[in-house]
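Before any comments, here is the structure.
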Amino acid sequence: MFGLTDCNNFYVSCERIFNPSLEGKPVVVLSNNDGCVISRSSEAKTIGIKMGSPLFKLKEIIKDHGVIAYSSNFPLYGDISARVMEILRISTPAIEVYSIDEAFIDFREVPDNEISAIGHSLIKKIRKGVGIPVSIGVSKTKTLAKVATKLSKQYPSTKGFCLMSKESDISRVLKKFPVEDVWGIGRAHSKMLASYGVSTAYEFILKDEKWIRAKMGITGLRTWRELQGENCISLEDGTPDKKQICTSRSFASDLSDFEDLYKAIATFASSSAEKLRKQKGVCREIIIFILTNPFKESGLTHNQSALITLSEYTDNSLVIISNACSGLRAIFREGYQYKKCGVILSSIIRKTDLTPTLFASIDEISKSNSLMSVMDEINSKYGNKSIVTAAAGIEKIKANQNLLSKRYTTSWDDIIEVKV
DNA sequence: TCTGGGGTCCTAGGACCC
DNA sequence: TCTGGGGTCCTAGGACCC
């Protein structure tokens, strides 16, 4: 059996830990630049706020219902996530961290009759130890565990835990389960399935295997099998290395100056390089992209990217930045209002797998290595971006974050005060 | 005025190899 | 008249996830 732990309304729940007065009220957390809603409390869902809706369209509903909105505070959410995962890790045979708010649990070696007690105790431990509500679903495959988790959220009587093991229980559930809510079936396939009269997970598994393969490829077939209890998606141990590393942002206001874009690209290149060194990787490809605002009806559109292939693998920020910037020079055009840009590192291998090149001296390599580790050390000790390259500039890129809570658990300056 | 930021995997088709 | 049969690698784009 596989379990899936899912933190309820995760970002909102994180905000509520340090501000209990938010309990019972409609609360939302916004994306970067306070653009869209990316997390909603159950009260916010009830009054009809949809996932991903832009803030400016919600002005009225927010006023009418006294909705409380927060800017996203990722240092806080990341730290709370790590605490949840730690409890899961020490209390179960093995877990796979699947996202910031979800983890699969390996129950394969645990007798069926013990799973339920473990599940309920995990929910209590996390509530008490970290302060957030979680739901747990358990079944024969990861895809079915996802279904079970959804049920545990849907029905309060489950107290956040749902175990689906009996064949008859599973088919009873699947008969009512909308096919578009199945893990692995997205918008496009839902639409296609609907056109063939398939609307529930049960109708989906009744379809012929060959038909599924032809219409939905090998991944669709996997989902089809998983729903029938056949294990196709295994549990990953450890976090696999990233194959691509991307840093990108939308700007608070449009940029049309080369200089401004240059600073942004240099900053993002530097962040990506830092992430690359963190996973002890080196890359050989850099992709940069610049986009104009897709929502603007007037104005010129220009979406362009450049791929730079380096002659040697590197993790050196200076090399990555200067190449990213020459890429920008090649695609930048005057007269456009740019809204977003980003830097993607690709063609990544582990640094230890690197074959030393004939043309760089040992001296140069070790110089580069020590420079980078000193940079990383300073930034880790004195705070992110304490030391930056001149290209990135000293001013930070402005983002709208007017509704930000404090970094209660990761910054001494923001630590909570107790007033006597 | 105002619309997120990350990722992964699969597939089809073209270029190329012998 | 008739024009092989087996591969690999790369890339762009689509689908999906949170």
Measuring from the side chain of [X] (C-beta onward, heavy atoms only), which nucleotide among [options] has the closest atom?
| X | options | value |
| --- | --- | --- |
| A:Arg222 | B:dC9, C:dC17, B:dG4 | B:dC9 |
| A:Asn293 | B:dT3, B:dG7, B:dG4 | B:dT3 |
| A:Phe56 | B:dG5, B:dC9, B:dT3 | B:dT3 |
| A:Lys242 | C:dC18, B:dT8, B:dC10 | B:dT8 |
| A:Ser250 | B:dG5, C:dC17, B:dG6 | B:dG5 |
| A:Ser99 | C:dC18, B:dG6, C:dC16 | C:dC18 |

At 4.0 Å (heavy atoms only), tell me whether [X] reaches a base, stays on the sugar-phosphate, or touches nothing.
| X | answer |
| --- | --- |
| A:Asp101 | sugar-phosphate |
| A:Ile245 | sugar-phosphate |
| A:Ile185 | sugar-phosphate |
| A:Lys296 | nothing |
| A:Val29 | nothing |
| A:Lys191 | nothing |
| A:Lys57 | nothing |

**Prompt:** Does the side chain to side chain contact (heavy atoms under 4.5 Å, CB included) test come out yes or no for A:Phe161 and A:Ser116, once each step is laid out?
**Reply:** CA-CA 8 Å; A:Phe161 179 83; A:Ser116 175; 3.9 Å; yes

**is_close_aromatic(A:Phe332, A:Phe258), centroid dist under 6.0 Å** =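 Yes; A:Phe258 has its ring centre under 6.0 Å from that of A:Phe332.
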
**Item:** Euclidean distance, atom CD1 of residue A:Ile218 to atom P of B:dA12 [Å, nearest integer]
**Value:**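 Answer to the nearest Å: 11 Å.
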
**Asked** Can you tell me the Watson-Crick or wobble partner of B:dC17, both distances under 3.5 angstrom?
**Response**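 Because both required distances fall under 3.5 Å, B:dC17 counts as paired with C:dG6.
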
**Request:** Look at the rings of A:Phe251 and A:Phe268 and say which category their plane angle falls in: under 30° parallel, 30 to 60° tilted, over 60° perpendicular.
**Result:**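 The rings of A:Phe251 and A:Phe268 lie parallel, inter-plane angle below 30°.
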
**Item:** Sole candidate of A:Lys280, A:Lys351, A:Arg350 that passes salt bridge (Lys or Arg N to Asp or Glu O under 4.0 Å) when paired with A:Asp241
**Value:**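 Only match with A:Asp241 under salt bridge (Lys or Arg N to Asp or Glu O under 4.0 Å): A:Arg350.
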
